[in-house]
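Structure, as structure tokens:
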Amino acid sequence: MSDSELTKICMSIGYPIKSSKSPSLHTVGYKALGIEDRYVYLRAEVKPENLKMAVDGIRGLGIRGVSVTMPHKQEVMKYLDKIDDTAKKIGAVNTIVNESGKLIGYNTDWIGAVDALKQKTKIKGKKIAVIGAGGAARAIVFGIIKEGGRVKIFNRTKEKAEEIAKSFGCEFGNLDEISEIKDFDIIINSTSIGMGNPDESPVDKKLIGKNQIVFDVVYNPKETKLLRHAKEKGAEIIFGADMLLYQGAEQFKLYTGLDAPIEAMKKFMEIGK
Ligand code: NAP
């Protein structure tokens with residue numbers, strides 16, 4: 001049996017990792033393309049102190065692709081052989097591809113956010129409020145500015161917003177200025193507010209209008225309080241699950257070299273329902 005005939009292993013690593021949808025999402029893709037005998041997708045819980053050993057394991061076992069999630073997206077960069085330029089700019093890796101023993105780091109979060117937005121709107125020239133200044137915000141702001149959108153970041157810790165604004169060239173402020181978001185075309189929540197809590201929202205309902213698009217990166221629950229309020233106000237909404245889907249589709253291509261079967265994957269994520 002030659003190397004190319006061996007089943008290729010892909011996986012997700014994170015801590016915790018239990019509720020990750022990526023294993024099922026990629027497996028749905030393998031089945032839709034009839035390549036489930038050539039690829040298998042697993043998950044492993046990797047504690048921060050074991051991250052280097054886990055990366056050695058990718059090399060040792062010849063694992064083809066690894067999706068990296070919290071809290072490893074920055075730390076993992078120092079153990080890789082090469083970081084693609086975009087991931088370097090964003091300062092985080094969520095995807096590792098093993099090219100004949102050489103581990104290359106990519107970031108597909110920004111593509112996930114941009115593709116999710118593009119399903120509903122053009123980005124160029126739009127005034128976009130990004131709430132939050134963590135890892136997800138960095139990828140999202142990078143993507144929007146690359147597409148010609150105009151961003152203002154609002155964050156609890158103003159210094160963190162300022163740092164991203166300086167890296168990518170946009171406005172920034174703290175949460176005292178959040179009432180300004182009523183004048184923006186698009187509002188994006190990139191904080192973890194609402195994650196696992198259907199009663200929490202970063203935005204007062206009265207700041208949302210019917211001509212706006214509201215995008216929440218939080219994907220659990222699928223319909224957050226913010227999105228519920230936006231819907232009630234007649235605004236367009238974009239689910240965090242859409243971003244997960246499109247960033248996963250890009251990873252699928254990097255791991256298999258094949259276009260992801262997006263309709264099958266979309267159905268699995270129940271987007272639009
Ligand atoms: P992170 O780096 O830890 O950043 C968290 C951000 O949330 C910071 O800006 C933080 O503000 C803010 N925040 C947290 N609690 C807050 C509170 N009580 N009040 C005000 N601000 C608060 O996390 P991350 O990696 O950016 O992830 C953020 C969320 O996005 C997570 O829920 C993650 O699961 C989700 N995510 C979704 C996708 C997707 O594909 N849908 C992809 C990546 C991440 P400070 O700076 O002031 O601390």
Side-chain angles (χ1 to χ4, degrees), residues 12-22 25-26 48 67-77 87 90-95 106-117 119 129-144 151-165 167 172-178 181 187-204 214-227 237-252 260 265-266 268-271:
S12 289
I13 61 168
Y15 185 72
I17 194 70
K18 214 170 57 213
S19 57
S20 169
K21 283 186 186 282
S22 294
L25 180 67
H26 285 257
S67 308
V68 182
T69 186
M70 286 203 314
H72 304 312
K73 288 183 184 181
Q74 274 122 31
E75 187 67 11
V76 79
M77 295 173 81
I90 293 171
V93 157
N94 75 329
T95 306
Y106 297 89
N107 187 303
T108 67
D109 279 337
W110 75 274
I111 300 173
V114 162
D115 284 356
L117 280 164
Q119 304 307 307
V130 175
I131 306 165
R138 276 194 81 85
I140 290 167
V141 172
F142 168 85
I144 292 171
V151 175
K152 178 163 177 174
I153 304 168
F154 300 86
N155 194 47
R156 178 175 60 182
T157 311
K158 195 170 180 178
E159 294 70 29
K160 280 170 76 182
E162 183 174 14
E163 193 196 318
I164 302 184
S167 300
F172 67 95
N174 62 23
L175 295 180
D176 294 344
E177 298 166 40
I178 201 150
I181 66 170
I187 299 169
I188 303 178
N189 172 38
S190 78
T191 72
S192 43
I193 297 172
M195 196 69 174
N197 185 346
D199 300 320
E200 219 178 46
S201 168
V203 172
D204 193 324
V214 179
F215 172 15
D216 199 339
V217 300
V218 170
Y219 51 81
N220 177 28
K222 184 176 171 196
E223 189 170 291
T224 58
K225 185 175 181 184
L226 171 64
L227 294 182
I237 62 168
I238 302 175
F239 295 105
D242 298 37
M243 177 173 165
L244 263 184
L245 166 75
Y246 291 109
Q247 69 78 27
E250 193 61 24
Q251 290 180 325
F252 190 96
M265 289 164 85
K266 222 184 231 177
F268 166 73
M269 297 296 280
E270 296 192 308
I271 286 169

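Given the structure is predicted, the values throughout are model-derived calculations rather than measurements. Every number for a ligand or one of its atoms is a count from 1 in the order of the listing.
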- Sequence neighbours left out, what passes side-chain hydrogen bond (donor to acceptor under 3.5 Å, both in side chains) with K158? Give chain and number order.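 Not a single residue meets the side-chain hydrogen bond (donor to acceptor under 3.5 Å, both in side chains) criterion with K158.
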- Message: So, using side-chain hydrogen bond (donor to acceptor under 3.5 Å, both in side chains) as the criterion, who are the partners of N189 when residues are at least two apart?
- Response: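 Checked N189 against side-chain hydrogen bond (donor to acceptor under 3.5 Å, both in side chains); matches are T191, D216.
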- List in chain and number order the residues that pass ring-ring contact (aromatic ring centres under 6.0 Å, His included) with F142, two or more places apart in sequence or in another chain; answer none if no residue qualifies.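 W110, F168.
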- Side chain of T157, backbone of E159: donor and acceptor closer than 3.5 Å?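 Here the side-chain-to-backbone pair does not exist.
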- Message: When you compare the side chain of I193 with that of V218, does any pair of heavy atoms fall below 4.5 Å?
- Response: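 Side chain of V218 against side chain of I193, heavy atoms only: no contact under 4.5 Å found.
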If you look at each N/O of ligand 1, which protein N/O atoms lie under 3.5 Å away, and at what distance?
from     : atom 1 : to   : atom 2 : distance (Å)
ligand 1 : 2 (O)  : G135 : N      : 3.0
ligand 1 : 9 (O)  : A133 : N      : 2.8
ligand 1 : 9 (O)  : N155 : OD1    : 2.8
ligand 1 : 11 (O) : N155 : OD1    : 3.3
ligand 1 : 26 (O) : G135 : N      : 3.0
ligand 1 : 26 (O) : A136 : N      : 2.8
ligand 1 : 40 (O) : L244 : N      : 3.4
ligand 1 : 41 (N) : V217 : O      : 2.9
ligand 1 : 41 (N) : G240 : O      : 3.0
ligand 1 : 46 (O) : N155 : ND2    : 2.8
ligand 1 : 46 (O) : K160 : NZ     : 2.9
ligand 1 : 47 (O) : R156 : NE     : 3.0
ligand 1 : 47 (O) : T157 : N      : 3.0
ligand 1 : 47 (O) : T157 : OG1    : 2.5
ligand 1 : 48 (O) : R156 : NH2    : 3.0

- Any side-chain donor-acceptor pair under 3.5 Å between Q119 and D242?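 No donor-acceptor contact under 3.5 Å links the two side chains.
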